[in-house]
Amino acid sequence: MLFKRADARRERFERMAEQVFSSLFGTALRLTRDREEASDLAQEALVRAYEAFDRFDGRNFKAWMLRILTNLYINKYRKRQREGLNSSLDDELSAEPVAPADEAPDRLVFDGLLGAEVEEALGKVPDVFRAAVILSDLEGLSYEEIAQATDVPVGTVRSRIARGRAILRRELESFAREQGYLRNERLD
């Protein structure tokens with residue numbers, strides 16, 4: 001009986017994970033801006049979620065998974081910031097050769113989804129603001145869900161989204177003018 005329950009639990013988790021994996025991976029890719037890091041982050045989030053699946057409240061699996069993913073990303077980001085000064089130049093130069101950034105398959109797909117200009121502008125948004133904008137505008141999470149995912153108050157989420165959107169707007173303004181989405185005179 002114990003094995004049947006474990007099998008049913010695993011199957012339920014797998015079904016639910018399959019439904020949200022593309023969203024999970026897409027969010028990881030937008031946060032990390034690196035295909036390998038995104039894959040590792042998404043896989044680690046799945047492992048953590050499976051280990052904690054008995055604590056899932058059954059309400060919104062996608063939001064729960066994105067919260068796990070976002071927390072992992074933030075923890076890794078904070079760790080890198082703390083250890084940033086400890087890395088050696090040799091470590092940074094030991095990367096394996098890869099295709100030019102504009103020819104990498106994930107870049108071709110990613111750029112096609114968002115548009116190169118938008119993706120580039122999103123990359124200029126600082127991580128904490130970018131995460132909030134991605135979770136809100138691309139993943140459709142509510143402010144409350146983002147607050148849970150990032151472990152900050154709802155007011156902070158609102159502020160981060162507003163600041164992230166303002167940076168995006170500033171970064172995309174000249175492109176929007178060139179494409180005719182905005183008139184050439186400033187509206188301020």
Side-chain angles (χ1 to χ4, degrees), residues 16-17 19-87 110 113-115 117-176 181-182 186-188:
M16 295 172 83
Q19 292 173 350
V20 300
F21 185 77
S22 63
S23 182
L24 190 70
F25 181 74
T27 300
L29 189 58
R30 289 179 188 104
L31 289 170
T32 64
R33 301 180 46 80
D34 179 87
R35 186 170 180 76
E36 277 188 45
E37 272 190 68
S39 180
D40 290 347
L41 185 62
Q43 290 299 321
E44 188 174 348
L46 286 170
V47 169
R48 295 271 179 100
Y50 182 73
E51 290 171 348
F53 192 56
D54 58 330
R55 294 189 303 261
F56 171 58
D57 65 9
R59 288 190 308 199
N60 187 338
F61 187 73
K62 180 180 175 182
W64 186 68
M65 285 299 306
L66 289 171
R67 179 177 57 221
I68 292 169
L69 178 99
T70 305
N71 285 340
L72 286 170
Y73 172 74
I74 290 169
N75 290 340
K76 287 175 186 279
Y77 172 76
R78 286 177 182 159
K79 183 178 179 185
R80 269 194 224 126
Q81 280 190 320
R82 283 192 306 267
E83 296 173 349
L85 299 174
N86 297 335
S87 67
F110 191 48
L113 292 174
L114 279 181
E117 293 81 7
V118 176
E119 193 274 325
E120 185 178 325
L122 192 57
K124 293 179 182 177
V125 177
D127 286 344
V128 293
F129 305 139
R130 184 171 68 235
V133 169
I134 289 169
L135 293 173
S136 171
D137 297 343
L138 299 177
E139 294 303 328
L141 295 184
S142 69
Y143 288 171
E144 291 78 19
E145 291 168 329
I146 297 168
Q148 288 177 341
T150 57
D151 198 28
V152 297
V154 172
T156 302
V157 168
R158 292 178 196 278
S159 172
R160 288 179 178 178
I161 290 171
R163 290 180 70 185
R165 287 176 180 163
I167 294 167
L168 277 174
R169 193 169 22 265
R170 185 181 67 233
E171 293 296 329
L172 291 169
E173 184 176 5
S174 65
F175 172 72
Y181 297 120
L182 291 176
R186 295 205 49 109
L187 300 174
D188 320 90

Heavy atoms of Ala45 and Ile68 approach each other most closely as O-CG2, 3.8 Å
Note: Leu135 and Thr150 closest approach over all heavy atoms is CD1-CG2, 4.3 Å
Nearest heavy-atom approach of Ile167 to Pro126 is CD1-CD, 3.6 Å
CE of Met16 to OH of Tyr50, rounded to nearest 0.5 Å, is 13.5 Å
Contacts of Phe61 meeting ring-ring contact (aromatic ring centres under 6.0 Å, His included) (sequence neighbours excluded), chain-then-number -> Phe13, Phe56, Trp64
The reported gap from CD in Gln148 to OG in Ser142 (rounded to nearest 0.5 angstrom) is 7.5 Å
Q. Would you call Arg48 and Asn71 a side-chain contact if the rule is heavy atoms closer than 4.5 Å?
A. no
Those residues at least two apart in sequence (or on a different chain) that pass side-chain contact (heavy atoms from CB on, under 4.5 Å) with Asp40 are none
In sequence, state the C-alpha distance, the side-chain angles, and the governing distance for Phe25 and Arg35, and then conclude on side-chain contact (heavy atoms from CB on, under 4.5 Å). CA-CA 9 Å; Phe25 181 74; Arg35 186 170 180 76; 3.5 Å; yes
By side-chain contact (heavy atoms from CB on, under 4.5 Å), Val47 pairs with (sequence neighbours left out) Glu51
Nearest heavy-atom contact between Ala42 and Leu24 is O-CD2, 4.0 Å
CG of Leu172 to CG of Leu122, rounded to nearest 0.5 Å, is 9.0 Å
Measuring only between side-chain heavy atoms, which start at C-beta, is Leu46 closer than 4.5 Å to Phe21?
yes
Between Val133 and Arg165 the two heavy atoms that sit nearest each other are CG2-N, 3.9 Å
The reported gap from CD in Glu139 to NZ in Lys62 (rounded to nearest 0.5 angstrom) is 4.5 Å
Just do the side-chain contact (heavy atoms from CB on, under 4.5 Å) check on Leu66 and Glu145 with the steps written out, would you? CA-CA 9 Å; Leu66 289 171; Glu145 291 168 329; over 6 Å; no
* For the side chain of Thr27 and the backbone of Ser23, is there at least one donor-acceptor N/O pair under 3.5 Å apart? -> yes
Side chain proximity check, Arg33 to Glu119, heavy atoms < 4.5 angstrom:
yes
For Pro153, the side-chain contact (heavy atoms from CB on, under 4.5 Å) test, sequence neighbours excluded, returns Thr156
Ala176 meets the side-chain contact (heavy atoms from CB on, under 4.5 Å) criterion, sequence neighbours left out, with Tyr181, Leu182
Is there a side-chain contact between Lys76 and Thr32 (heavy atoms, below 4.5 Å)? no
Between Ala132 and Ile146 the two heavy atoms that sit nearest each other are O-CD1, 4.0 Å
- Side chains of Asp151 and Ile74: closer than 4.5 Å at any heavy-atom pair? no
So OG1 of Thr70 and CG of Leu41: to nearest 0.5 Å the spacing works out to 8.5 Å
So the salt bridge (charged side-chain N to carboxylate O under 4.0 Å, His left out) pairs with at least one residue in residues 121-135 (sequence neighbours excluded) are Glu120-Lys124, Lys124-Glu171, Asp127-Arg130
